[in-house]
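Excluded from the calculations below are hydrogen atoms, water molecules and symmetry mates; all remaining heavy atoms, backbone and side chain alike, are included. This chain uses plain numbering: 1 for the first residue, then up along the sequence. Just so we're clear, the structure is a prediction, and the values are computed from it rather than from any experiment. Numbering of ligands and ligand atoms starts at 1, following listing order.
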Amino acid sequence: MRELQAPKGVSEYFPPRSYYFEFVRQTLIDSAKISGYQLMELPVFEDTELFRRGVGESTDVVSKEMYTFDDRGGRSLTLRPEGTAGVMRSVIEHNLDKLALPIKVWYSGAFFRAERPQAGRYRQFYQVGIEAIGLPDPEIDFEVIAIADRAFKSLGLKSYRLDITSLGDAQSRASHRIDLVEFISKLNLDEATRARSEINPLRLFDDKREEIIAIMADAPLLLNYLSKESKESFAKVQELLARAKIDYVINPRMVRGLDYYTGTTFEFVSEKLGAQSGIGGGGRYDGLMAELGGDDLSGIGFGLGVDRILLACEAEGVFDSTLNNSELSLFLIALGPEEKVFVSVLLNDLRDSGISCDMAYGDRSLKGAMKSADRSGARYSLVIGPDEISSGNVLLKEMRSGESKEVRIASLIEFLTPSNS
Ligand code: HAM
């Protein structure tokens with residue numbers, strides 16, 4: 001084993017698998033872009049206070065999993081564990097909430113949580129997320145869920161489930177909280193669990209311990225306490241999903257890992273992954289912006305886990321062989337040192353014209369160079385020796401079929417330009 005290794009639990013992608021990672025990420029991004037969402041590129045670290053206030057002290061994410069450090073000026077910074085709080089901070093700081101609403105943004109990048117690493121759970125992982133901020137319309141809830149669903153379908157995923165529920169508005173939650181706190185007060189809980197439930201009693205629904213699951217079986221469910229407005233809004237979201245033929249399951253016990261949720265919340269779960277099966281989730285967050293010092297605007301969004309979606313795609317075998325894991329159109333091989341100079345210049349000219357190509361470097365035999373051509377995944381290859389240079393003609397070999405065709409070197413650009421080939 002070599003001496004230096006990546007820190008424990010980080011995900012890394014290198015060729016050839018990085019091609020599929022990029023393909024998945026781009027498909028998720030495309031789904032957001034065709035729905036009018038625009039890029040937001042944000043810092044990877046923020047003031048620790050942002051996540052304490054935004055994500056919530058009762059969550060594992062804030063209480064146990066943050067990568068927090070002091071910078072050289074003694075300020076407490078934290079590597080972002082999620083994207084929503086940062087988006088809100090930026091919207092407020094730059095007064096984007098004063099522009100036309102809703103603000104619709106997407107983001108993509110690395111996120112950090114000091115979790116116990118296992119298959120599909122990493123300490124550095126990747127998300128593509130969107131946020132639609134400013135309006136409470138249930139049509140936007142539907143849009144957000146549909147964007148995720150469309151992305152999964154266009155990747156070819158089939159074995160996943162959509163769980164939804166509603167956490168209602170402040171009034172719904174307040175009346176539910178009275179009964180839930182009363183219910184919890186009669187339970188025999190350890191100190192830490194009670195302390196967590198005092199910050200957010202809903203957390204107990206998320207407890208994975210068998211004994212807690214058993215005692216929570218009779219707990220009052222928030223879905224039964226929805227105000228008239230919340231009920232109507234949630235019904236509208238369901239109607240829209242049904243009309244769009246997006247299957248869903250109502251899961252009244254679903255509690256997301258972050259404290260800011262209100263109203264519609266949802267999770268996509270892959271049926272082909274093990275314990276870490278959540279491939280994406282999100283929901284509405286009514287008080288978040290005001291909590292962070294902005295106007296009291298509603299918002300909704302999701303985070304999709306690129307790492308897990310790639311695992312789900314692999315588990316479902318969605319990548320067929322027609323997906324060529326190379327961007328290259330042509331691979332060039334020079335027979336000797338003089339031809340190598342010629343090929344270097346030709347390669348450079350082809351690239352100037354936007355043609356993707358590469359060449360065999362190093363003093364390899366023709367056989368070795370042909371192997372590199374195979375490995376490159378390029379659509380065509382060609383070999384240039386003294387004869388080709390003097391005649392000005394080359395044999396362009398289509399790698400998949402093995403068929404060759406004579407082409408003039410001077411016509412290569414025209415021949416390989418995508419709209420012509
Ligand atoms: P989240 O459910 O914490 O939501 O994360 C979203 C997705 O990120 C998860 O469904 C999962 O696929 C992936 N993920 C989370 N943690 C890990 C990990 N340790 N390793 C690998 N993948 C992971 C959020 O982050 C919210 N900000 C989503 C949101 C946006 N809600 C509203 N707007």
For Arg177, side chain to side chain donor-acceptor pair (under 3.5 Å) partners two or more places apart: none

Parallel, tilted or perpendicular, as decided by the 30° and 60° cut-offs, for the rings of Phe319 and Tyr20: tilted

Closest to atom 3 (O) of ligand 1 (heavy atoms only, candidates Arg113, Met88, Glu65, Arg121) is Arg113

Numbered atoms of ligand 1 (with element) below 4.0 Å of Leu258, judged on heavy atoms: 3 (O), 4 (O), 24 (C), 25 (O), 26 (C), 27 (N)

Donor-acceptor pair, side chain of Arg253 and main chain of Met216, under 3.5 angstrom: yes

Side chain, backbone, both or neither: Tyr285 near ligand 1, heavy atoms under 4.0 Å: side chain

Against heavy atoms of Gly282, which atoms of ligand 1 measure under 4.0 Å? 31 (N)

For ligand 1, note which part of Arg256 has a heavy atom under 4.0 Å away: side chain, backbone, both or neither. side chain

Non-hydrogen atoms of Gly129 versus ligand 1: any pair closer than 4.0 Å? no

Proximity winner for atom 21 (C) of ligand 1, if only heavy atoms of Gly120, Ala132, Pro117, Ser270 are counted: Gly120

cation_pi(Arg80, Phe111) dist<6.0 Å, angle<=45: yes

Flag Glu131 as yes when one of its N or O atoms lies below 3.5 Å from any N or O atom of ligand 1, and as no otherwise. yes

What protein heavy atom sits nearest atom 7 (C) of ligand 1, and how far away is it? Gly303 O, 3.5 Å

Would you say Ser31's side chain and Leu28's backbone share a donor-acceptor pair under 3.5 angstrom? no

So does Thr84 get a backbone contact from the side chain of Glu82, meaning a donor-acceptor N/O pair under 3.5 Å? yes

Considering both backbone and side-chain atoms of Glu115, is one of its nitrogen or oxygen atoms within less than 3.5 Å of a nitrogen or oxygen in ligand 1? yes

Note: Arg209-Asp190 ion pair, threshold 4.0 Å (strictly below): yes

What class does the angle between the rings of Phe268 and Phe266 fall in, given that below 30° is parallel, 30 to 60° is tilted and above 60° is perpendicular? perpendicular

Taking the non-hydrogen atoms of Phe268, is any one of them nearer than 4.0 angstrom to ligand 1? no

Please determine whether the number of non-hydrogen atoms from other residues, nucleotides or ligands lying under 6.0 Å from atom CD of Glu210 exceeds 12. no

Contact check: Thr84 vs ligand 1, nitrogen or oxygen atoms, below 3.5 angstrom: yes

Taking only heavy atoms of Glu82, which atoms of ligand 1 are found under 4.0 Å from at least one of them? 25 (O), 26 (C), 27 (N)

Does ligand 1 have any atom that is closer than 4.0 Å to a heavy atom of Ala85? no

With backbone taken as N, CA, C and O and side chain as the heavy atoms from C-beta onward, which portion of Phe266 lies under 4.0 Å from ligand 1: side chain, backbone, both, or neither? neither

Taking a cutoff of less than 4.0 Å between a non-hydrogen atom of the residue and any ligand atom, is Gly257 in contact with ligand 1? no

Heavy-atom donor-acceptor pair, Glu316 side chain to Ser159 backbone, under 3.5 Å: yes

Is there any N or O on Phe125 that sits under 3.5 Å from an N or O of ligand 1? no

Please confirm whether the backbone N or O of Gly134 pairs with a side-chain atom of Ser298, one donor and one acceptor, at under 3.5 Å? no

Could you identify the single nearest non-hydrogen protein atom to atom 13 (C) of ligand 1 and state the distance to 0.1 Å? Gly305 CA, 3.7 Å

Tell me the protein heavy atom at minimum distance from atom 20 (N) of ligand 1, and give that distance in Å. Tyr122 N, 3.0 Å

For the residue pair Gln171 and Tyr225, establish whether any side-chain heavy-atom pair is separated by less than 4.5 Å. no

Is it true that a side-chain atom of Ser172 and a backbone atom of Asp169 form a donor plus acceptor pair closer than 3.5 Å? yes

With a heavy-atom distance limit of 4.0 Å, tell me whether Ile279 approaches ligand 1 through its side chain, its backbone, both, or neither. backbone

Among Ile103, Leu96, Ile300, Ile140, which one satisfies side-chain contact (heavy atoms from CB on, under 4.5 Å) with Ile133? Ile103

For atom 32 (C) of ligand 1, what's the nearest protein heavy atom and its distance? Gly301 O, 3.3 Å

Could you tell me whether Gly278 and ligand 1 have an N or O pair separated by under 3.5 Å? yes

Structural part of Tyr261 in contact with ligand 1, heavy atom criterion under 4.0 angstrom: side chain

Just distances here: any N/O of Gln127 and N/O of ligand 1 closer than 3.5 Å? yes

